[in-house]
Number of protein chains: 2
Amino acid sequence: MGLMQTTGTRYSKPILVAVNKPFDDEDGLQALRSHPLFRNIRSRDLEDLIHQSRRLRLGHHQLLYRQDMPAHHFFFVISGRLRLYRLDSSGIDRTLDSIAPGDCFAEVMIYADPPRYACYAEALKSSEVLMIPVKAYRDLLDRNPEYAQAALEHYARRAVNRFHDLEIMTVQNARDRLIRYLIDLLPNGAEEGGEVELPLPKCLVASRLAMQPETFSRILADLKANGLLRVNRSKLFISDPQRLIQISQ
Amino acid sequence: MGLMQTTGTRYSKPILVAVNKPFDDEDGLQALRSHPLFRNIRSRDLEDLIHQSRRLRLGHHQLLYRQDMPAHHFFFVISGRLRLYRLDSSGIDRTLDSIAPGDCFAEVMIYADPPRYACYAEALKSSEVLMIPVKAYRDLLDRNPEYAQAALEHYARRAVNRFHDLEIMTVQNARDRLIRYLIDLLPNGAEEGGEVELPLPKCLVASRLAMQPETFSRILADLKANGLLRVNRSKLFISDPQRLIQISQ
DNA sequence: ACAAATCTTTGAGTTAGGTCAATTACTCCG
DNA sequence: CGGAGTAATTGACCTAACTCAAAGATTTGT
């Protein structure tokens with residue numbers, strides 16, 4: 001089944017056609033069962049939902065859906081990584097989020113009327129997603145209102161996270177935005193140092209943080225030169241987050 | 001009952017102490033009944049919820065709650081206007097949202113554990129809010145799972161709106177961010193022109209859009225000089241939104 | 001393993017927007 | 001109505017970040 005087709009070779013220019021197949025084995029199911037949105041659903045109901053879903057393999061840079069397309073499905077990432085982005089009228093591609101295995105996305109549209117995707121979604125590398133029919137999930141909730149609470153919690157958390165993302169973007173200078181972004185990536189926040197893996201290629205982190213790739217690169221070089229950071233490909237080591245916070249003022 | 005107390009005279013420096021009184025008349029109730037979060041709730045249940053709530057009068061610049069405070073209530077705006085903001089470690093105040101009469105806010109925390117406010121909330125002018133106990137609302141949902149769907153819709157919409165706000169902030173230049181912000185304020189978006197009232201004083205719109213008040217003022221002056229905008233206090237008249245969009249590229 | 005493509009870094013020059021300062025215009029009070 | 005306190009505007013200056021360009025590194029596909 002072809003879901004989407006376009007030409008091109010770079011970010012924002014998706015390539016291929018999706019091919020799905022039944023999701024009838026257990027791969028990736030464990031992660032799904034432990035997701036906040038599903039962990040309270042009885043096995044029988046969950047299996048039923050899964051059987052109405054399809055597993056989709058996505059190639060590198062492959063588009064999953066387009067902004068404004070009717071949203072008949074939402075997704076759970078089994079493996080790989082995706083990004084959400086929007087295209088403005090001048091064709092500039094602005095990255096808004098990245099999605100890791102174990103995450104759900106596009107689920108915010110479930111009750112919208114008409115349900116439409118709010119952005120583009122594409123695979124950053126070859127990935128596998130579970131494609132859950134919105135209707136099947138809605139029916140499940142209608143038949144079992146007690147499941148709605150988990151969904152409510154999930155949506156509320158999502159809204160708070162978006163609010164937090166928005167806050168970072170009101171920081172006026174590029175270096176401080178980047179520092180805040182990095183600290184949020186640390187497993188324990190500013191509490192303690194650690195290694196951080198950028199969830200996106202550097203040029204897309206730059207886009208996410210409303211700066212040019214050159215600016216991103218220079219800021220990172222500067223932090224490195226000042227001993228605040230060690231960089232290894234897309235892995236950054238932050239030994240003292242507090243020092244980072246101090247200089248960001 | 002004192003809810004909060006601080007000293008100072010400007011934005012981010014709240015002043016007074018809240019005094020509440022029972023919400024036992026019908027003022028503002030119509031708007032509440034038609035809010036998406038409440039309109040499906042049976043009269044009896046809604047009245048019960050309202051009787052467990054308190055009406056709160058807030059003075060100009062009065063603080064309603066603080067970031068990180070335990071969130072025992074969420075709020076519905078009866079009259080006036082509020083803003084949500086965060087304070088960073090260096091004391092800089094960053095405005096994230098404004099709330100108009102008929103809106104609900106802080107409701108995103110309902111199922112958080114522990115529930116805490118994600119930001120500060122203060123009145124921009126003298127205002128009246130309904131202060132709804134989180135526990136009462138949760139109990140209502142627990143007893144009547146069929147009410148959860150409206151809540152789900154509301155939260156989903158909220159998450160999508162925050163996502164959209166985030167998108168605007170990834171626009172890299174100040175003028176285009178402002179243009180996008182103004183077009184979103186238009187009743188019919190870019191479809192047709194109209195008058196727009198800024199929901200915040202100009203210096204706070206600037207803060208919301210990650211720019212200095214001086215920059216905001218200069219951009220507005222420039223748009224005005226180019227005949228793209230007419231300015232009257234906090235009211236802006238945009239005759240041709242399409243032209244605005246064209247120049248923002 | 002190689003070639004092609006894309007991503008990243010660095011340099012040099014330019015500009016948008018921040019900073020500081022001073023004036024003017026509002027708004028809220030008494 | 002008048003005065004105090006903010007908010008908004010404008011000018012001059014400066015710096016952070018953008019643009020353009022080119023070299024280097026990494027990744028992907030054959």
(request) Among residues two or more places apart or on two chains, list those pairs meeting side-chain hydrogen bond (donor to acceptor under 3.5 Å, both in side chains) that have a residue in residues 97-106 of chain A. (result) A:Asp97-A:Arg162
(message) Can you measure B:Leu178 atom CG to C:dA16 atom C1' for me and round it to whole angstrom units?
(response) 15 Å
(message) Output the rounded distance in Å from CG (B:Leu223) to P (D:dA8).
(response) 17 Å
(message) What is the separation between atom CG on B:Asp176 and atom P on D:dC18, rounded to the nearest whole Å?
(response) 13 Å
(request) Let me know the distance between NZ of A:Lys202 and P of D:dA25, rounded to the nearest Å. (result) 13 Å
(message) Going by the rule side-chain hydrogen bond (donor to acceptor under 3.5 Å, both in side chains), which residues pair with B:Asp165 if we only count those two or more places apart in sequence or in a different chain?
(response) none
(message) What is the distance, to the nearest angstrom, from the CG atom on A:Leu229 to the P atom on C:dT9?
(response) 11 Å
(request) With axes from five pairs an end, tell me the bend angle of the helix from C:dA1-D:dT30 to C:dG30-D:dC1, nearest 10°. (result) 70°
(request) Measure from CG on A:Asp222 to P on C:dT9 and round the result to the nearest Å. (result) 13 Å
(message) I need the minimum non-hydrogen distance between B:Phe75 and B:Ala106, along with the two atoms involved.
(response) CD1-CB, 4.1 Å
I'd like a table of donor-acceptor pairs (distance under 3.5 Å, sequence neighbours excluded) in which one partner is a side-chain atom from residues 203-210 of chain B, with atom names and distances.
| from | atom 1 | to | atom 2 | distance (Å) |
| --- | --- | --- | --- | --- |
| B:Ser207 | OG | B:Thr95 | N | 2.9 |
| B:Ser207 | OG | B:Thr95 | OG1 | 3.4 |

All N/O donor-acceptor pairs, side-chain side in residues 180-187 of chain A, below 3.5 Å, sequence neighbours left out:
| from | atom 1 | to | atom 2 | distance (Å) |
| --- | --- | --- | --- | --- |
| A:Arg180 | NH1 | A:Glu167 | OE2 | 3.1 |
| A:Arg180 | NH2 | A:Glu167 | OE1 | 3.4 |

(message) Once side chain to side chain contact (heavy atoms under 4.5 Å, CB included) is applied, do any residues pair with B:Thr215, and if so which ones, sequence neighbours excluded?
(response) B:Ala174, B:Met211, B:Gln212, B:Ile219
(request) Sequence neighbours left out, what pairs pass salt bridge (Lys or Arg N to Asp or Glu O under 4.0 Å) with at least one residue falling in residues 196-206 of chain B? (result) B:Glu197-B:Lys235
(message) Tell me the interatomic distance from A:Leu209, atom CG, to D:dA16, atom P, rounded to whole angstroms.
(response) 19 Å
(request) Using side chain to side chain contact (heavy atoms under 4.5 Å, CB included) as the criterion, list what pairs up with A:Arg116, not counting sequence neighbours. (result) A:Pro70, A:Pro114
(request) Using atom types as modelled and distance alone, determine if a side-chain donor or acceptor of B:Asn188 lies under 3.5 Å from a backbone N or O of B:Glu191. (result) no
(message) Can you measure B:Leu200 atom CG to D:dA7 atom C1' for me and round it to whole angstrom units?
(response) 14 Å
(message) Does the protein touch nucleotides 17-30 of chain C at the base, only the backbone, or not at all? Give it as B, S and - per nucleotide, heavy atoms under 4.0 Å.
(response) SSBBB----SS---
